[in-house]
Amino acid sequence: MVSGASARKAQLRRELHAAKRQDDGGPLAWRGWFDGSAHPNPGRLGIGALLLGPHGERIEISEPAGDGDSSDAEYAALTALLQAALLVKPAQLLLHGDSQVVIHDVLGTAVVKGLAAERAAVLALMEQLPQVSLRWVPRHRNGEADRLSQMAITVAVGRSD
């Protein structure tokens, strides 16, 4: 018998394989990008995320997220993106981020010490969605989420002055 965690890890490995084949989903898929910033690192956190629906829907997230390091920021951004997705209940969701640490940690291909609580929270959110894929993209293909996270840092720094 396969445990729930083992089945989820196997599904995530299949999704990673599909991502390598550049499976872009169907016409009704929602697409999301996330990025987190820490200035300095560790320091003030800003998160940015963009969720695009198949019919032109657009949800932007740009928020200060307290203090921490870049992995904390990336996980906070992914969490915020998943929470936004839960509100729209997409049948299919393709998520993109430029943090190899977070992507590989969530997919279970490289577990990072000290991030177990963040990973568990993200996996719990992902389990509430019918079909979700997570894939790494190079930084230059994550520009909108980066812009939103940098904008949040500017707001956070302005509040502390």
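Please read all numbers here as calculations on a predicted model, not as lab measurements.
- In terms of the ring-ring contact (aromatic ring centres under 6.0 Å, His included) criterion, W30 has no residue partners (sequence neighbours excluded).
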(Q) For a side chain to side chain contact (heavy atoms under 4.5 Å, CB included) check, start with the C-alpha distance between D67 and R44, then their side-chain angles and the critical distance, and finish with the verdict. (A) CA-CA 5 Å; D67 296 312; R44 296 285 172 121; 3.2 Å; yes

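- V137 and L107 are members of different hydrophobic clusters when ILVMFWY side chains are connected at heavy-atom separations under 4.5 Å.
- Neither L86 nor L28 shares a network with the other; the hydrophobic side chains, linked directly or stepwise wherever heavy atoms of I, L, V, M, F, W or Y lie under 4.5 Å apart, form separate groups for each.
- Here S133 contributes atom OG and R135 contributes atom CZ; the two are 6.0 Å apart, rounded to the nearest 0.5 Å.
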Q: Evaluate the criterion side chain to side chain contact (heavy atoms under 4.5 Å, CB included) for residue pair D35 and L148; output intermediate values, then yes/no.
A: CA-CA 8 Å; D35 196 24; L148 292 165; over 6 Å; no

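- Counting only heavy atoms from C-beta outward, the side chains of T154 and Q150 never approach each other to under 4.5 Å.
- For D69, the salt bridge (Lys or Arg N to Asp or Glu O under 4.0 Å) test picks out no residue, with sequence neighbours left out.
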Solution key, residues 73-81 side-chain donor-acceptor pairs under 3.5 Å, sequence neighbours excluded:
unit_1, atom_1, unit_2, atom_2, d
E74, OE1, G36, N, 3.4
Y75, OH, D105, OD2, 2.4
T79, OG1, Y75, O, 2.8

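- Here V101 pairs with S71, S99, V112, L115 under the side chain to side chain contact (heavy atoms under 4.5 Å, CB included) rule; sequence neighbours left out.
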Pair up each side-chain donor or acceptor in residues 50-59 with any protein partner under 3.5 Å, not counting sequence neighbours, and list the distances.
unit_1, atom_1, unit_2, atom_2, d
E57, OE1, H55, N, 2.8
R58, NE, E60, OE2, 2.9
R58, NH2, E60, OE2, 2.9
R58, NH2, E144, OE2, 3.1

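- Taking 4.5 Å as the limit, some side-chain heavy atom of P90 sits within range of a side-chain heavy atom of L129.
- I47 shares a hydrophobic cluster with I61; the chain of contacts runs through ILVMFWY side chains whose heavy atoms sit under 4.5 Å apart.
- In this structure S70 satisfies the side chain to side chain donor-acceptor pair (under 3.5 Å) test together with N41, sequence neighbours excluded.
- With sequence neighbours excluded, the residues that form a side chain to side chain contact (heavy atoms under 4.5 Å, CB included) with P138 are W136, H140, R141.
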